[in-house]
Amino acid sequence: MKLCMIGTGYVGLVSGVCFSDLGNDVICVDKDNNKINNLKNGKIPIYEPGLEELVRKNIQNKRLNFSTNLKESIRKSDLIFICVGTPTKKNSKSADLSQVYSVGKEISKSINKFKIIITKSTVPLTTGDKLEKIISKKVNKKLFSVVSNPEFLREGEAIRDFIYPDRVVVGSNEEKSKKILRNLYSPLISKGAKYVSTNRRAAELIKYASNAFLATKITFINEIANLCEKTGIDVEDISIAIGLDKRIGSRFLRAGPAYGGSCFPKDTKAIVSTADKFKSNLSVIKTVIKSNQNRSDLLLKRLLSKIKKINNKNVSFLGVTFKANTDDMRDSSSLKLIPFLSKKGAKIKYYDPTGSKKEFNNLKNVEYSNSIQSCIADSDLIIVHTEWNDFKSINFRKLSKNKKLIIYDMRNIFSAEKINKLGIKYFGIGR
Ligand code: UDX
(Lines give C-alpha, C1' and ligand atoms only; values in the text may rest on other atoms or scores of the structure.)
Protein backbone atom coordinates (compact mmCIF):
# COMPACT_ATOMS: atom_id res chain seq x y z
CA MET A 1 0.00 0.00 0.00
CA LYS A 2 1.00 3.64 -0.41
CA LEU A 3 1.50 5.33 2.97
CA CYS A 4 2.29 8.88 3.98
CA MET A 5 3.66 9.46 7.51
CA ILE A 6 3.25 13.11 8.56
CA GLY A 7 5.89 13.88 11.20
CA THR A 8 9.24 12.09 11.48
CA GLY A 9 9.73 11.84 15.25
CA TYR A 10 9.82 8.59 17.28
CA VAL A 11 6.35 7.60 16.11
CA GLY A 12 6.38 8.69 12.46
CA LEU A 13 9.91 7.62 11.59
CA VAL A 14 9.85 4.25 13.37
CA SER A 15 6.36 3.35 12.13
CA GLY A 16 7.17 4.57 8.59
CA VAL A 17 10.39 2.56 8.37
CA CYS A 18 8.75 -0.56 9.78
CA PHE A 19 5.78 -0.25 7.39
CA SER A 20 8.24 0.04 4.47
CA ASP A 21 10.06 -3.03 5.79
CA LEU A 22 6.73 -4.87 5.59
CA GLY A 23 6.63 -4.09 1.84
CA ASN A 24 4.63 -0.86 1.70
CA ASP A 25 5.65 2.28 -0.24
CA VAL A 26 6.16 4.93 2.41
CA ILE A 27 6.79 8.67 2.22
CA CYS A 28 7.83 10.27 5.50
CA VAL A 29 7.00 13.98 5.47
CA ASP A 30 8.31 16.72 7.73
CA LYS A 31 8.36 20.48 7.43
CA ASP A 32 11.92 20.54 8.79
CA ASN A 33 14.07 20.70 5.63
CA ASN A 34 17.28 19.94 7.47
CA LYS A 35 15.81 16.85 9.11
CA ILE A 36 14.50 15.55 5.77
CA ASN A 37 17.84 16.09 4.00
CA ASN A 38 19.65 14.22 6.79
CA LEU A 39 17.12 11.38 6.60
CA LYS A 40 17.57 11.14 2.82
CA ASN A 41 21.28 10.53 3.54
CA GLY A 42 20.42 7.95 6.18
CA LYS A 43 21.26 10.29 9.11
CA ILE A 44 18.86 9.58 11.97
CA PRO A 45 17.71 12.42 14.30
CA ILE A 46 16.77 10.12 17.18
CA TYR A 47 18.59 7.52 19.29
CA GLU A 48 16.80 4.25 18.59
CA PRO A 49 18.78 0.97 18.47
CA GLY A 50 18.58 -0.67 15.02
CA LEU A 51 16.80 2.22 13.30
CA GLU A 52 19.72 3.47 11.20
CA GLU A 53 20.24 0.11 9.46
CA LEU A 54 16.52 -0.28 8.81
CA VAL A 55 16.33 3.20 7.24
CA ARG A 56 19.33 2.55 4.99
CA LYS A 57 17.95 -0.84 3.91
CA ASN A 58 14.55 0.54 2.92
CA ILE A 59 15.94 3.63 1.20
CA GLN A 60 18.07 1.25 -0.88
CA ASN A 61 15.10 -0.91 -1.85
CA LYS A 62 13.24 2.28 -2.81
CA ARG A 63 10.28 1.64 -0.50
CA LEU A 64 11.14 4.49 1.84
CA ASN A 65 11.22 8.14 0.76
CA PHE A 66 11.39 11.48 2.52
CA SER A 67 9.80 14.75 1.48
CA THR A 68 8.89 18.22 2.69
CA ASN A 69 6.06 18.45 0.16
CA LEU A 70 2.96 17.53 2.18
CA LYS A 71 0.38 18.14 -0.58
CA GLU A 72 2.15 16.01 -3.18
CA SER A 73 2.89 13.21 -0.66
CA ILE A 74 -0.78 13.05 0.40
CA ARG A 75 -1.94 12.95 -3.23
CA LYS A 76 0.37 10.00 -3.94
CA SER A 77 -0.76 8.00 -0.88
CA ASP A 78 -3.87 6.04 0.13
CA LEU A 79 -3.24 5.96 3.90
CA ILE A 80 -2.22 9.20 5.66
CA PHE A 81 -0.78 8.73 9.16
CA ILE A 82 -0.76 11.77 11.46
CA CYS A 83 2.36 11.37 13.62
CA VAL A 84 2.95 14.95 14.80
CA GLY A 85 3.66 15.95 18.39
CA THR A 86 0.84 16.29 20.92
CA PRO A 87 2.75 17.77 23.90
CA THR A 88 1.10 18.93 27.11
CA LYS A 89 -0.07 22.53 26.83
CA LYS A 90 1.93 25.04 28.94
CA ASN A 91 0.37 25.55 32.43
CA SER A 92 -2.32 23.03 31.66
CA LYS A 93 -2.99 19.29 31.78
CA SER A 94 -4.49 19.01 28.30
CA ALA A 95 -2.73 18.01 25.10
CA ASP A 96 -1.78 20.67 22.53
CA LEU A 97 -3.48 19.54 19.31
CA SER A 98 -2.61 22.55 17.17
CA GLN A 99 -0.23 20.52 14.98
CA VAL A 100 -2.83 17.75 14.52
CA TYR A 101 -5.55 20.16 13.45
CA SER A 102 -3.32 22.18 11.13
CA VAL A 103 -2.27 18.93 9.43
CA GLY A 104 -5.98 18.05 9.19
CA LYS A 105 -6.64 21.32 7.36
CA GLU A 106 -3.70 20.66 5.01
CA ILE A 107 -5.01 17.16 4.28
CA SER A 108 -8.47 18.53 3.44
CA LYS A 109 -6.88 20.59 0.66
CA SER A 110 -5.12 17.60 -0.88
CA ILE A 111 -7.73 14.85 -1.14
CA ASN A 112 -7.94 13.80 -4.81
CA LYS A 113 -9.39 10.29 -4.20
CA PHE A 114 -10.55 8.13 -1.25
CA LYS A 115 -8.08 8.48 1.61
CA ILE A 116 -7.86 7.01 5.07
CA ILE A 117 -6.56 9.51 7.63
CA ILE A 118 -5.10 7.72 10.63
CA THR A 119 -4.15 9.31 13.95
CA LYS A 120 -1.05 7.43 15.12
CA SER A 121 0.07 10.06 17.62
CA THR A 122 -1.54 9.79 21.03
CA VAL A 123 -4.58 12.07 20.71
CA PRO A 124 -7.31 12.73 23.33
CA LEU A 125 -10.67 11.05 23.17
CA THR A 126 -12.91 12.73 20.46
CA THR A 127 -9.98 14.11 18.43
CA GLY A 128 -11.01 11.90 15.49
CA ASP A 129 -14.52 13.45 15.61
CA LYS A 130 -13.02 16.97 15.46
CA LEU A 131 -10.65 16.00 12.63
CA GLU A 132 -13.59 14.57 10.70
CA LYS A 133 -15.45 17.87 11.11
CA ILE A 134 -12.43 19.91 9.93
CA ILE A 135 -11.95 17.78 6.81
CA SER A 136 -15.65 17.50 5.92
CA LYS A 137 -15.79 21.30 5.68
CA LYS A 138 -13.90 20.93 2.39
CA VAL A 139 -14.29 17.28 1.38
CA ASN A 140 -17.28 15.02 0.77
CA LYS A 141 -17.61 12.51 3.64
CA LYS A 142 -17.55 9.65 1.11
CA LEU A 143 -14.01 10.58 0.05
CA PHE A 144 -12.30 9.96 3.39
CA SER A 145 -12.39 8.05 6.65
CA VAL A 146 -10.74 9.10 9.92
CA VAL A 147 -9.32 6.19 11.91
CA SER A 148 -7.52 5.88 15.27
CA ASN A 149 -4.50 3.52 15.31
CA PRO A 150 -2.52 4.37 18.47
CA GLU A 151 1.12 3.28 18.80
CA PHE A 152 2.49 1.37 21.81
CA LEU A 153 6.18 1.92 21.08
CA ARG A 154 8.63 2.18 24.00
CA GLU A 155 11.71 4.32 23.39
CA GLY A 156 14.72 2.07 23.00
CA GLU A 157 12.51 -0.90 22.04
CA ALA A 158 10.39 0.82 19.37
CA ILE A 159 11.27 -1.44 16.42
CA ARG A 160 10.68 -4.61 18.42
CA ASP A 161 7.41 -3.19 19.79
CA PHE A 162 6.27 -2.48 16.22
CA ILE A 163 7.24 -5.82 14.70
CA TYR A 164 6.12 -7.91 17.71
CA PRO A 165 3.28 -5.91 19.30
CA ASP A 166 1.16 -7.41 22.07
CA ARG A 167 -1.76 -6.10 20.05
CA VAL A 168 -2.62 -3.76 17.20
CA VAL A 169 -5.54 -1.46 18.00
CA VAL A 170 -7.61 0.09 15.19
CA GLY A 171 -10.63 2.27 15.84
CA SER A 172 -12.91 3.03 12.89
CA ASN A 173 -16.60 3.79 12.41
CA GLU A 174 -16.63 2.56 8.79
CA GLU A 175 -16.35 -1.01 7.48
CA LYS A 176 -14.27 -0.05 4.40
CA SER A 177 -11.42 1.47 6.37
CA LYS A 178 -11.61 -1.34 8.97
CA LYS A 179 -10.89 -3.85 6.19
CA ILE A 180 -8.03 -1.83 4.66
CA LEU A 181 -6.29 -1.40 8.02
CA ARG A 182 -6.62 -5.10 8.85
CA ASN A 183 -5.02 -5.83 5.48
CA LEU A 184 -2.18 -3.40 6.20
CA TYR A 185 -1.42 -5.20 9.48
CA SER A 186 -1.92 -8.74 8.12
CA PRO A 187 1.87 -9.48 8.11
CA LEU A 188 1.98 -8.83 11.88
CA ILE A 189 -1.27 -10.69 12.54
CA SER A 190 0.06 -13.72 10.67
CA LYS A 191 3.10 -13.63 13.00
CA GLY A 192 0.82 -13.84 16.02
CA ALA A 193 -0.03 -10.22 16.89
CA LYS A 194 -3.48 -9.84 18.41
CA TYR A 195 -5.72 -7.46 16.47
CA VAL A 196 -8.36 -5.30 18.18
CA SER A 197 -10.84 -3.64 15.83
CA THR A 198 -13.18 -1.25 17.64
CA ASN A 199 -14.80 2.14 17.19
CA ARG A 200 -12.68 5.26 16.93
CA ARG A 201 -13.32 6.76 20.36
CA ALA A 202 -12.63 3.44 22.09
CA ALA A 203 -9.24 3.18 20.32
CA GLU A 204 -8.33 6.71 21.43
CA LEU A 205 -9.18 5.89 25.04
CA ILE A 206 -7.40 2.50 24.95
CA LYS A 207 -4.06 4.22 24.42
CA TYR A 208 -4.51 6.57 27.37
CA ALA A 209 -5.94 3.91 29.63
CA SER A 210 -2.99 1.63 28.79
CA ASN A 211 -0.32 4.23 29.60
CA ALA A 212 -2.17 5.49 32.67
CA PHE A 213 -2.42 1.93 34.00
CA LEU A 214 1.32 1.31 33.46
CA ALA A 215 2.10 4.60 35.23
CA THR A 216 -0.22 3.51 38.06
CA LYS A 217 1.51 0.13 38.33
CA ILE A 218 4.93 1.79 38.60
CA THR A 219 3.70 4.33 41.13
CA PHE A 220 2.10 1.53 43.15
CA ILE A 221 5.41 -0.33 43.52
CA ASN A 222 7.26 2.94 44.15
CA GLU A 223 4.96 3.62 47.13
CA ILE A 224 5.32 0.04 48.37
CA ALA A 225 9.08 0.67 48.14
CA ASN A 226 8.66 3.66 50.48
CA LEU A 227 7.03 1.36 53.05
CA CYS A 228 9.78 -1.24 52.56
CA GLU A 229 12.43 1.38 53.37
CA LYS A 230 10.70 2.01 56.70
CA THR A 231 10.33 -1.67 57.59
CA GLY A 232 13.63 -3.27 56.52
CA ILE A 233 12.06 -5.19 53.62
CA ASP A 234 13.54 -5.47 50.11
CA VAL A 235 10.93 -4.31 47.59
CA GLU A 236 12.42 -6.65 44.99
CA ASP A 237 11.10 -9.57 47.10
CA ILE A 238 7.63 -8.01 46.96
CA SER A 239 7.81 -7.25 43.21
CA ILE A 240 8.86 -10.80 42.36
CA ALA A 241 6.29 -12.48 44.57
CA ILE A 242 3.27 -10.39 43.55
CA GLY A 243 4.40 -10.35 39.91
CA LEU A 244 4.14 -14.15 39.82
CA ASP A 245 0.39 -13.73 40.11
CA LYS A 246 -0.61 -13.78 36.43
CA ARG A 247 -3.35 -11.25 37.17
CA ILE A 248 -0.65 -8.77 38.23
CA GLY A 249 2.29 -9.73 35.96
CA SER A 250 5.96 -9.00 36.65
CA ARG A 251 6.61 -6.30 34.06
CA PHE A 252 6.53 -2.59 34.96
CA LEU A 253 6.82 -3.51 38.61
CA ARG A 254 10.39 -2.29 39.18
CA ALA A 255 10.69 0.43 41.81
CA GLY A 256 12.82 3.38 40.75
CA PRO A 257 13.02 7.17 40.67
CA ALA A 258 9.87 8.87 39.37
CA TYR A 259 8.66 7.64 35.97
CA GLY A 260 9.56 10.07 33.17
CA GLY A 261 9.68 10.16 29.39
CA SER A 262 7.58 11.80 26.70
CA CYS A 263 4.47 9.72 27.34
CA PHE A 264 3.51 8.76 30.88
CA PRO A 265 3.66 12.30 32.34
CA LYS A 266 1.86 13.73 29.29
CA ASP A 267 -0.75 10.99 28.90
CA THR A 268 -1.74 10.74 32.58
CA LYS A 269 -2.38 14.50 32.63
CA ALA A 270 -4.27 14.41 29.33
CA ILE A 271 -6.63 11.58 30.30
CA VAL A 272 -7.46 13.37 33.57
CA SER A 273 -8.07 16.61 31.66
CA THR A 274 -10.36 14.85 29.17
CA ALA A 275 -12.27 13.10 31.95
CA ASP A 276 -12.74 16.39 33.84
CA LYS A 277 -14.24 17.88 30.65
CA PHE A 278 -16.74 15.00 30.63
CA LYS A 279 -17.35 15.51 34.37
CA SER A 280 -15.83 12.12 35.19
CA ASN A 281 -13.31 12.11 38.04
CA LEU A 282 -10.27 9.83 37.49
CA SER A 283 -9.18 10.11 41.14
CA VAL A 284 -6.68 7.18 41.03
CA ILE A 285 -4.72 8.70 38.11
CA LYS A 286 -4.80 12.14 39.77
CA THR A 287 -3.17 10.53 42.81
CA VAL A 288 -0.59 8.80 40.59
CA ILE A 289 0.37 12.15 39.02
CA LYS A 290 0.79 13.79 42.44
CA SER A 291 2.69 10.83 43.89
CA ASN A 292 5.09 10.75 40.95
CA GLN A 293 5.64 14.52 41.05
CA ASN A 294 6.55 14.32 44.76
CA ARG A 295 8.83 11.30 44.32
CA SER A 296 12.08 13.13 43.53
CA ASP A 297 11.65 15.28 46.68
CA LEU A 298 11.14 12.09 48.70
CA LEU A 299 14.32 10.54 47.28
CA LEU A 300 16.27 13.72 47.99
CA LYS A 301 15.00 13.84 51.59
CA ARG A 302 16.16 10.25 52.11
CA LEU A 303 19.50 11.08 50.49
CA LEU A 304 20.08 14.09 52.75
CA SER A 305 19.16 12.01 55.79
CA LYS A 306 21.96 9.59 54.87
CA ILE A 307 24.61 12.18 53.95
CA LYS A 308 24.91 14.67 56.77
CA LYS A 309 26.65 17.48 54.83
CA ILE A 310 26.22 17.53 51.02
CA ASN A 311 27.97 20.88 50.61
CA ASN A 312 31.31 20.47 48.78
CA LYS A 313 30.79 16.71 48.50
CA ASN A 314 31.81 15.08 45.19
CA VAL A 315 28.60 13.56 43.80
CA SER A 316 28.62 11.39 40.66
CA PHE A 317 25.58 10.55 38.57
CA LEU A 318 25.74 7.37 36.53
CA GLY A 319 23.12 7.90 33.80
CA VAL A 320 20.81 10.91 33.49
CA THR A 321 18.31 9.89 30.74
CA PHE A 322 14.74 8.99 31.79
CA LYS A 323 15.53 5.31 31.24
CA ALA A 324 18.19 3.13 29.59
CA ASN A 325 18.60 2.71 25.80
CA THR A 326 17.45 6.22 24.96
CA ASP A 327 19.05 9.68 24.85
CA ASP A 328 15.74 11.27 25.82
CA MET A 329 15.79 13.61 28.84
CA ARG A 330 12.10 14.52 28.81
CA ASP A 331 10.77 14.45 32.39
CA SER A 332 13.82 12.54 33.57
CA SER A 333 14.06 12.67 37.38
CA SER A 334 17.70 13.79 36.99
CA LEU A 335 16.30 17.16 35.86
CA LYS A 336 15.10 17.68 39.44
CA LEU A 337 17.82 15.82 41.36
CA ILE A 338 20.93 17.44 39.81
CA PRO A 339 19.84 21.12 40.08
CA PHE A 340 18.71 20.54 43.68
CA LEU A 341 22.05 19.02 44.73
CA SER A 342 23.99 21.66 42.81
CA LYS A 343 22.09 24.38 44.73
CA LYS A 344 23.01 22.56 47.95
CA GLY A 345 26.68 23.04 47.04
CA ALA A 346 27.51 19.54 45.82
CA LYS A 347 30.22 19.24 43.17
CA ILE A 348 28.54 17.09 40.53
CA LYS A 349 29.94 15.01 37.70
CA TYR A 350 27.68 12.95 35.46
CA TYR A 351 28.25 10.30 32.84
CA ASP A 352 25.73 8.96 30.34
CA PRO A 353 26.41 6.61 27.42
CA THR A 354 24.46 9.01 25.16
CA GLY A 355 26.71 11.96 26.00
CA SER A 356 26.48 15.31 27.72
CA LYS A 357 23.13 17.07 28.14
CA LYS A 358 22.38 20.70 27.36
CA GLU A 359 19.91 20.72 30.26
CA PHE A 360 22.83 20.88 32.71
CA ASN A 361 25.01 23.37 30.83
CA ASN A 362 24.19 26.43 32.95
CA LEU A 363 24.34 24.73 36.35
CA LYS A 364 27.09 25.64 38.83
CA ASN A 365 29.48 22.78 39.76
CA VAL A 366 27.94 20.35 37.28
CA GLU A 367 30.21 18.86 34.64
CA TYR A 368 30.07 16.00 32.16
CA SER A 369 32.63 13.18 32.42
CA ASN A 370 33.20 11.21 29.24
CA SER A 371 33.89 7.95 31.07
CA ILE A 372 32.59 6.02 34.07
CA GLN A 373 36.10 6.01 35.52
CA SER A 374 36.61 9.78 35.40
CA CYS A 375 33.08 10.27 36.70
CA ILE A 376 33.49 8.24 39.90
CA ALA A 377 37.28 8.39 40.59
CA ASP A 378 37.10 10.94 43.46
CA SER A 379 33.46 10.46 44.38
CA ASP A 380 32.01 10.69 47.88
CA LEU A 381 28.57 9.66 46.66
CA ILE A 382 27.64 7.75 43.50
CA ILE A 383 24.00 7.99 42.38
CA VAL A 384 23.00 5.30 39.90
CA HIS A 385 20.15 7.08 38.12
CA THR A 386 19.61 5.11 34.88
CA GLU A 387 19.79 1.33 34.46
CA TRP A 388 22.30 1.25 31.57
CA ASN A 389 23.90 -2.16 31.13
CA ASP A 390 27.28 -0.37 31.02
CA PHE A 391 27.02 0.14 34.80
CA LYS A 392 26.19 -3.39 35.85
CA SER A 393 29.78 -4.68 35.86
CA ILE A 394 31.56 -1.70 37.46
CA ASN A 395 34.34 -2.72 39.88
CA PHE A 396 33.87 0.08 42.39
CA ARG A 397 36.83 -0.86 44.58
CA LYS A 398 39.15 -0.70 41.59
CA LEU A 399 37.82 2.68 40.44
CA SER A 400 37.49 4.40 43.81
CA LYS A 401 39.92 4.52 46.75
CA ASN A 402 37.47 6.46 48.93
CA LYS A 403 36.99 4.48 52.15
CA LYS A 404 33.81 6.40 52.92
CA LEU A 405 32.22 5.97 49.48
CA ILE A 406 28.40 5.76 49.43
CA ILE A 407 26.31 4.35 46.58
CA TYR A 408 22.65 5.38 46.09
CA ASP A 409 21.32 2.84 43.59
CA MET A 410 18.04 4.32 42.27
CA ARG A 411 17.47 1.34 40.00
CA ASN A 412 18.45 -1.50 42.34
CA ILE A 413 20.86 -2.83 39.71
CA PHE A 414 23.45 -3.83 42.33
CA SER A 415 23.34 -6.36 45.15
CA ALA A 416 23.42 -4.57 48.51
CA GLU A 417 25.28 -7.52 50.01
CA LYS A 418 28.06 -7.51 47.38
CA ILE A 419 28.59 -3.76 47.66
CA ASN A 420 28.65 -3.88 51.45
CA LYS A 421 31.27 -6.67 51.28
CA LEU A 422 33.51 -4.16 49.45
CA GLY A 423 33.25 -1.94 52.53
CA ILE A 424 31.06 0.53 50.63
CA LYS A 425 27.88 1.99 52.17
CA TYR A 426 24.92 1.15 49.90
CA PHE A 427 21.30 2.14 49.77
CA GLY A 428 18.82 1.45 47.04
CA ILE A 429 15.13 2.01 46.43
CA GLY A 430 12.80 0.15 48.74
CA ARG A 431 15.62 -1.73 50.42
C1 UDX B 1 5.76 4.32 27.25
C2 UDX B 1 4.89 3.08 27.05
O3 UDX B 1 5.54 1.95 27.61
C4 UDX B 1 4.69 2.84 25.55
O5 UDX B 1 3.83 1.74 25.35
C6 UDX B 1 4.05 4.10 24.96
O7 UDX B 1 3.81 3.95 23.57
C8 UDX B 1 4.95 5.29 25.18
O9 UDX B 1 5.19 5.46 26.59
P10 UDX B 1 8.31 4.98 27.17
O11 UDX B 1 7.82 6.29 27.69
O12 UDX B 1 9.28 4.96 26.03
O13 UDX B 1 7.03 4.06 26.70
O14 UDX B 1 9.05 4.29 28.37
P15 UDX B 1 8.75 3.06 29.34
O16 UDX B 1 9.69 1.99 29.03
O17 UDX B 1 7.30 2.77 29.35
O18 UDX B 1 9.13 3.70 30.76
C19 UDX B 1 8.45 4.86 31.20
C20 UDX B 1 9.02 5.27 32.55
O21 UDX B 1 8.68 4.28 33.54
C22 UDX B 1 10.54 5.40 32.57
O23 UDX B 1 10.92 6.53 33.35
C24 UDX B 1 10.99 4.12 33.25
O25 UDX B 1 12.22 4.27 33.95
C26 UDX B 1 9.86 3.89 34.24
N27 UDX B 1 9.72 2.50 34.66
C28 UDX B 1 9.38 1.56 33.74
C29 UDX B 1 9.88 2.17 36.00
O30 UDX B 1 10.19 3.03 36.83
N31 UDX B 1 9.71 0.88 36.39
C32 UDX B 1 9.38 -0.10 35.51
O33 UDX B 1 9.26 -1.24 35.91
C34 UDX B 1 9.22 0.25 34.13
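All ligand and atom numbering here is 1-based and tracks the order in the structure.
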Problem set entry | atom 17 (O) of ligand 1: nearest protein contact (heavy atom, Å) | Phe252 CE2, 3.2 Å

Could you pull out all donor-acceptor pairs under 3.5 Å where a side-chain atom in residues 10-18 meets a protein atom, sequence neighbours excluded?
residue: Tyr10; atom: OH; partner: Glu155; partner atom: OE1; Å: 3.3
residue: Ser15; atom: OG; partner: Val11; partner atom: O; Å: 2.7

For this session: Please check if any side-chain donor atom of Thr216 sits under 3.5 Å from a side-chain acceptor atom of Thr219, or the reverse.
Result: no

Problem set entry | Side-chain H-bond candidate by donor/acceptor type, Asn58 with Asn61, under 3.5 Å | yes

Exercise. Which atom names give the shortest non-hydrogen contact between Glu387 and Arg254, and what distance separates them?
Worked result: OE2-NH2, 3.9 Å

For this session: Can you sort out which atoms of ligand 1 are near Lys323, meaning under 4.0 Å from one of its heavy atoms?
Result: 10 (P), 12 (O), 14 (O), 15 (P), 16 (O), 25 (O)

Problem set entry | Proximal ligand 1 atoms for Leu253, defined as those under 4.0 Å from one of its heavy atoms | 33 (O)

Exercise. If you draw a 6.0 Å radius around CZ in Phe213, do more than 12 non-hydrogen atoms from other residues or ligands fall strictly inside?
Worked result: no

Problem set entry | Lys217 heavy atom under 4.0 Å from ligand 1 | no

Exercise. Counting only heavy atoms not in Gln373, do more than 12 sit closer than 6.0 Å to its CD atom?
Worked result: no

Exercise. Does a sphere of radius 6.0 Å around NZ in Lys217 hold more than 12 heavy atoms from other residues, nucleotides or ligands, not counting ones at 6.0 Å or beyond?
Worked result: yes

Exercise. Any side-chain heavy-atom pair from Lys425 and Ile407 closer than 4.5 angstrom?
Worked result: no

Problem set entry | Sub-3.5 Å N/O-N/O distance, Arg154 and ligand 1 | no

Exercise. Hey, are Asp328 and Tyr47 close enough side-chain-wise for a donor-acceptor pair under 3.5 Å?
Worked result: no

For this session: May I ask you to list the atoms of ligand 1 that are less than 4.0 angstrom from any heavy atom of Glu155?
Result: 12 (O)

Problem set entry | Contact partition for Lys266 relative to ligand 1, non-hydrogen atoms under 4.0 Å | neither

Problem set entry | Distance-only N or O hit between ligand 1 and Glu387, under 3.5 Å | no

Exercise. So, Asn149 and Lys120: side-chain donor and acceptor under 3.5 Å apart, yes or no?
Worked result: yes

Problem set entry | Ala258 N/O under 3.5 Å from ligand 1 N/O | no

Exercise. Short list, please: which atoms of ligand 1 are under 4.0 Å from a heavy atom of Arg411?
Worked result: 25 (O)

For this session: Please identify each residue that fulfils salt bridge (Lys or Arg N to Asp or Glu O under 4.0 Å) with Glu151, with sequence neighbours left out.
Result: Lys207

Exercise. Any N or O of Phe264 that comes nearer than 3.5 Å to an N or O of ligand 1?
Worked result: no

Problem set entry | For Glu151, the ligand 1 atoms whose distance to one of its heavy atoms is below 4.0 Å | 7 (O)

For this session: Can you sort out which atoms of ligand 1 are near Lys207, meaning under 4.0 Å from one of its heavy atoms?
Result: 6 (C), 7 (O)

Seminar exercise, completed: Nearest non-hydrogen protein atom to atom 30 (O) of ligand 1, with distance, is Ile218 CG2, 3.5 Å

For this session: Around atom 23 (O) of ligand 1, find the nearest protein heavy atom and jot down its residue, atom name and distance.
Result: Gly260 N, 2.9 Å

For this session: Flag the pair Val315 / Phe317 as yes when at least one side-chain heavy-atom distance between them is below 4.5 Å, and no otherwise.
Result: yes

For this session: Would you mind checking which non-hydrogen protein atom is closest to atom 8 (C) of ligand 1, with the distance to 0.1 Å?
Result: Cys263 SG, 3.1 Å

For this session: Determine whether any heavy atom of Gly256 lies closer than 4.0 Å to an atom of ligand 1.
Result: no

For this session: Mind checking whether Arg330 contacts ligand 1 via backbone (N, CA, C, O), side chain (CB onward), both or neither, at a 4.0 Å heavy-atom cut-off?
Result: neither

Exercise. Okay, side chain of Lys347, backbone of Glu367: is any donor-acceptor separation there less than 3.5 Å?
Worked result: no

For this session: Provide, to 0.1 Å, the distance between atom 22 (C) of ligand 1 and the closest protein heavy atom, together with that atom's residue and name.
Result: Phe322 CD1, 3.6 Å

Exercise. Can you tell me which residue and heavy atom of the protein come closest to atom 31 (N) of ligand 1, and the distance to 0.1 Å?
Worked result: Arg254 O, 2.9 Å

Exercise. Which ligand 1 atoms, with their elements, are less than 4.0 angstrom from a heavy-atom of Tyr259?
Worked result: 20 (C), 21 (O), 23 (O)

Exercise. Under a 4.0 Å heavy-atom limit, does Leu153 contact ligand 1 with its side chain, its backbone, both, or neither?
Worked result: backbone

